[in-house]
Participant: 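Sharing a structure here in structure tokens format.
Residue numbers run from 1 in the order of the sequence given. Both backbone and side-chain heavy atoms feed into the values below; hydrogens, waters and symmetry mates do not.
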Amino acid sequence: MEMGEPERGRRAWHDGLVRRRAAAGLLAGAGLVVLGTVFVVLPGVVVDHDLAGASVAAQDRLKAVNDVRTTLLQMVGGLVVLFGAYATWRQLRVNQDGLRATQEGYVTDRFSRAVDQLGSDKLDVRIGGLHALWRIAEQSARDREAIISIQAAYLRTHLPWPPAGPESPAADVPINDIAPLETRAADAQVALTALGVLCRHREQSWVNLSITDLRRADCDGLWFPEVNFDRACMEAAGLYHANLTQASLVSVNLRHADLTTAILRRARCILADLRAAKLVETDLRDADFTETDLREANLRKADAHGAVFHRADLRMADLRGTDLSTANLVEARLTGALASEHTRWPADFDHTAAGVVHTDDPGPEPSPLLQPPGMTWQAPPLRSTP
């Protein structure tokens, strides 16, 4: 009768076990033989070799043999210690690799669950997913760039400009009738805040937030260097002390936006609409405002060294204390703009002939703590029309 598969498997396993035990026994026997040779035979051989046939007392010879054995024991003990240290180091490496693999698997699992949450119909679930991605990006540098791209894509798809969804305010709704972003789209505000925090430590060159609806968004103190806001609507957005270094703001709508003490150094604001925007004490060095509408904008005490205002519209703008000493004002319109004795103009520039109105300096700027909060702030009507 033929042997069944389970019986053959058990027989093969038993044979393998017997062979392994036999091999282990042989190795143990060989080890004992080697140790016996090293500690019993070898010391005498070494002593006899060193004596080179000289006659010594048996007691002295025995002491010399024992000394050799002691030295050999110390050597073997040192080798055992070294081997133990190496084995411990290898085990630590294995444990670390295992821990790293476990952590990466855990992060990947969290990442997948968080991304799945972004597609939920429930607002609180989407917010939870965005916060989870934010947390992962702070803990895992290798996932940070991917999460930044996901957050930017989330904003572009959920807040397109012009508005596409029935829940979004229409493009022609007055800005004072539009709720702050954190009220009308709390998930988008969370994504924007996370993006503005994570961009401070990002490695990739550009982040795309173009053609997005960011009306009345809260961006105070956030970092958006080298971020593309082209053709976005950021009307009445709060950008107090925000970092927009080298940002692209081509054709952006920043009417009534608060950019007080913000950094727009080397930013591209070509063809932008900054009517009635607040740029008090703002860093505008080397920024490009070519053909930008800055009517009624407040640029008091702004640093505009090297800024380009070629064909820009600065009518009725407040330029008191603004440093324009190295700015490009070729073909800029300045009729009705306000200036004071602290306003610095380019050499040989006749601001009086340009229609600038000279008035008293306003003095120190009020503390931002005394300003109305963005939630209740109402934009005054524009005196200028398109």
Participant: Side-chain contact test, heavy atoms from C-beta onward, threshold under 4.5 Å: evaluate it for Asn228 versus Leu209 and give yes or no.
Facilitator: no
Participant: Return yes if some donor-acceptor pair links the side-chain N/O of Ser140 with the main-chain N/O of Ile136 below 3.5 Å, else return no.
Facilitator: no
Participant: Can you check side-chain contact (heavy atoms from CB on, under 4.5 Å) on Val250 and Phe229, steps first, answer last?
Facilitator: CA-CA 7 Å; Val250 177; Phe229 289 104; over 6 Å; no
Participant: Between Thr183 (side chain) and Ala179 (backbone), is there a donor-acceptor pair under 3.5 Å?
Facilitator: no
Participant: Suppose the criterion is salt bridge (charged side-chain N to carboxylate O under 4.0 Å, His left out): which pairs have a residue in residues 338-353, not counting sequence neighbours?
Facilitator: Asp323-Arg344
Participant: Restricting to salt bridge (Lys or Arg N to Asp or Glu O under 4.0 Å), what partner residues turn up for Glu365, sequence neighbours left out?
Facilitator: Arg300, Lys301
Participant: How close do Asp361 and Gly321 get, counting heavy atoms only, and between which atoms?
Facilitator: OD1-N, 4.1 Å
Participant: For Leu319, is there any backbone N or O sitting under 3.5 Å from a side-chain donor or acceptor partner on Thr343?
Facilitator: yes
Participant: Given side-chain contact (heavy atoms from CB on, under 4.5 Å), test Leu264 with Cys269 step by step and report yes or no.
Facilitator: CA-CA 9 Å; Leu264 276 77; Cys269 300; 4.0 Å; yes
Participant: List in chain and number order the residues that pass side chain to side chain contact (heavy atoms under 4.5 Å, CB included) with Gln139, two or more places apart in sequence or in another chain; answer none if no residue qualifies.
Facilitator: Arg110, Arg135
Participant: Applying side chain to side chain contact (heavy atoms under 4.5 Å, CB included), can you list everything that pairs with Ala114, at least two apart in sequence or on another chain?
Facilitator: Gln117, Ala132, Leu133
Participant: For His358, enumerate each residue passing the ring-ring contact (aromatic ring centres under 6.0 Å, His included) test, keeping only those at least two apart in sequence or located in another chain.
Facilitator: none
Participant: Report yes if some heavy atom in the side chain of Arg285 is under 4.5 Å from a heavy atom in the side chain of Ile263; otherwise report no.
Facilitator: no
Participant: Examine distances only and state if a side-chain atom of Ser251 and a backbone atom of Ala272 form a donor-acceptor pair shorter than 3.5 Å.
Facilitator: no
Participant: Salt bridge (charged side-chain N to carboxylate O under 4.0 Å, His left out): which pairs involve residues 377-386, sequence neighbours left out?
Facilitator: Glu296-Arg383
Participant: Donor-acceptor pair, Thr326 side chain versus Gly306 backbone, under 3.5 Å?
Facilitator: yes
Participant: Classify the ring geometry of Phe309 against Phe289: parallel below 30°, tilted from 30° to 60°, perpendicular beyond 60°.
Facilitator: parallel
Participant: So which pairs with a foot in residues 187-196 pass salt bridge (charged side-chain N to carboxylate O under 4.0 Å, His left out), sequence neighbours left out?
Facilitator: Arg126-Asp187
Participant: Rounded at 0.5 Å granularity, tell me how far CG in Leu181 sits from CG in Asp213.
Facilitator: 8.0 Å
Participant: Under the side-chain contact (heavy atoms from CB on, under 4.5 Å) criterion, do Leu299 and Val280 qualify, and how do the steps go?
Facilitator: CA-CA 5 Å; Leu299 288 86; Val280 178; over 6 Å; no
Participant: Has the side chain of Thr193 got a donor or acceptor atom that lies under 3.5 Å from a matching backbone atom of Gln189?
Facilitator: yes
Participant: Hey, could you give me each pair passing salt bridge (charged side-chain N to carboxylate O under 4.0 Å, His left out) that has a residue in residues 232-258? Not counting sequence neighbours.
Facilitator: Glu235-Arg255, Arg255-Asp273
Participant: How would you list, by chain and number, every residue that makes a salt bridge (Lys or Arg N to Asp or Glu O under 4.0 Å) with Arg315, sequence neighbours excluded?
Facilitator: Asp313
Participant: Quick one: does any side-chain atom of Ser120 pair with a main-chain N or O of Lys122 as donor and acceptor, under 3.5 Å?
Facilitator: yes
Participant: Say whether, by atom type as modelled, one donor and one acceptor occur between the side chain of Asp303 and the main chain of His305 under 3.5 angstrom.
Facilitator: yes
Participant: Are Arg231 and Trp161 close enough, and set up right, to give a side-chain contact (heavy atoms from CB on, under 4.5 Å), and what steps lead you there?
Facilitator: CA-CA 8 Å; Arg231 292 178 291 162; Trp161 181 259; 6.0 Å; no
Participant: Taking side chain as C-beta onward, heavy atoms only, is His256 less than 4.5 Å from Pro380?
Facilitator: yes
Participant: Looking at residues at least two apart in the chain, or sitting in another chain, which of them share a side chain to side chain contact (heavy atoms under 4.5 Å, CB included) with Thr359?
Facilitator: Arg320, Leu338
Participant: Go through the structure and list residues passing side chain to side chain contact (heavy atoms under 4.5 Å, CB included) with Arg144, not counting sequence neighbours.
Facilitator: Ala137, Ala141, Ile148, His201
Participant: With distance as the sole criterion, is a donor-acceptor pair present between the side chains of His310 and Thr290 under 3.5 Å?
Facilitator: no
Participant: Check side chain to side chain donor-acceptor pair (under 3.5 Å) between Arg268 and all other residues, then give those that pass, not counting sequence neighbours.
Facilitator: Ser248
Participant: Cluster question for you: counting only ILVMFWY and a side-chain heavy-atom cut-off of under 4.5 Å, with indirect links fine, are Trp223 and Leu254 together?
Facilitator: no
Participant: Short question: side chain of Asp288, backbone of Ile270 - any donor-acceptor pair under 3.5 Å?
Facilitator: no
Participant: Ignoring hydrogens and angles, state whether a donor on the side chain of Ser210 or Asp230 is under 3.5 Å from an acceptor on the partner side chain.
Facilitator: no
Participant: Give me the one residue out of Thr261, Thr260, Asp220 that meets side chain to side chain donor-acceptor pair (under 3.5 Å) with His241.
Facilitator: Thr261
Participant: Kindly say whether Ile127 contributes a backbone atom to a donor-acceptor pair with the side chain of His131 at under 3.5 angstrom?
Facilitator: no
